[in-house]
Amino acid sequence: MSSVPASAFLALALILFCIGLYGALTKKNTVIVLISIELMLNAVNINLVTFSKYGITPSITGQIFALFAISVAAAEAAVGLAILIALYRNKKTVNIDDMDTMKH
């Protein structure tokens, strides 16, 4: 039975992280920026699970850290969307360039 090599998982994580970084740094829409941050966190989770399985001493530690990262990502998404909804109610836009001050 053949298994997928660790380099394939690491390449996938690298691609996901680069796409997320590009989206977070270049896009003007805050929803796209939040999605890009989620992509980067998922790339980190892939790395954690990969090194947990293929590391020098395979253990469940990386998978446990991945579960913590998933819970932090869920909380980040909820708080980020709540802030985004509050900003949209005040500014009537989700463009990052229009959200440069805290005044109305």
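The chain is numbered in sequence order, starting from 1.
- F17 and L41 fall within a single hydrophobic cluster, where Ile, Leu, Val, Met, Phe, Trp and Tyr are joined by side-chain heavy atoms under 4.5 Å apart, directly or via other members.
- One finds the OG atom of S59 at 8.0 Å from the CD1 atom of I64 (value rounded to the nearest 0.5 Å).
- Note: the hydrophobic cluster containing I46 also contains I15 (ILVMFWY, side chain heavy atoms under 4.5 Å, direct or indirect links).
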* Steps toward side chain to side chain contact (heavy atoms under 4.5 Å, CB included) verdict (I85, R89) -> CA-CA 6 Å; I85 289 170; R89 286 182 184 170; 3.8 Å; yes
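- In this structure, K53 NZ and I60 CD1 are separated by 13.0 Å, a value rounded to the nearest 0.5 Å.
- When all heavy atoms are compared, the tightest approach of T50 to F9 is OG1-CB, 3.2 Å.
- Contact record, G20 with L39: CA-CB, 4.1 Å, taken as the closest heavy-atom pair.
- Here OG1 of T30 is found 7.5 Å from CG of L87. Values are rounded to the nearest 0.5 Å.
- Checking side-chain atoms of S52 against main-chain N and O of L48 turns up no donor-acceptor pair under 3.5 Å.
- Nearest heavy atoms, G23 versus V33: O-CG2, 4.2 Å.
- The two residues M40 and A24 have their closest heavy-atom pair at CE-CB, 4.3 Å.
- The NZ atom of K27 lies 15.0 Å from the CG atom of L34; values are rounded to the nearest 0.5 Å.
- Side-chain atoms of L14 and L10, non-hydrogen and from C-beta on, never get closer than 4.5 Å to each other.
- In this structure, Y88 is a member of the same hydrophobic cluster as L84, with clusters built from ILVMFWY side-chain heavy atoms closer than 4.5 Å.
- Of all heavy-atom pairs between L16 and A43, the closest is CB-CB, 4.0 Å.
- Annotation for F65: atom CZ does not count as buried by contact number, only 12 or fewer foreign heavy atoms lying within 6.0 Å.
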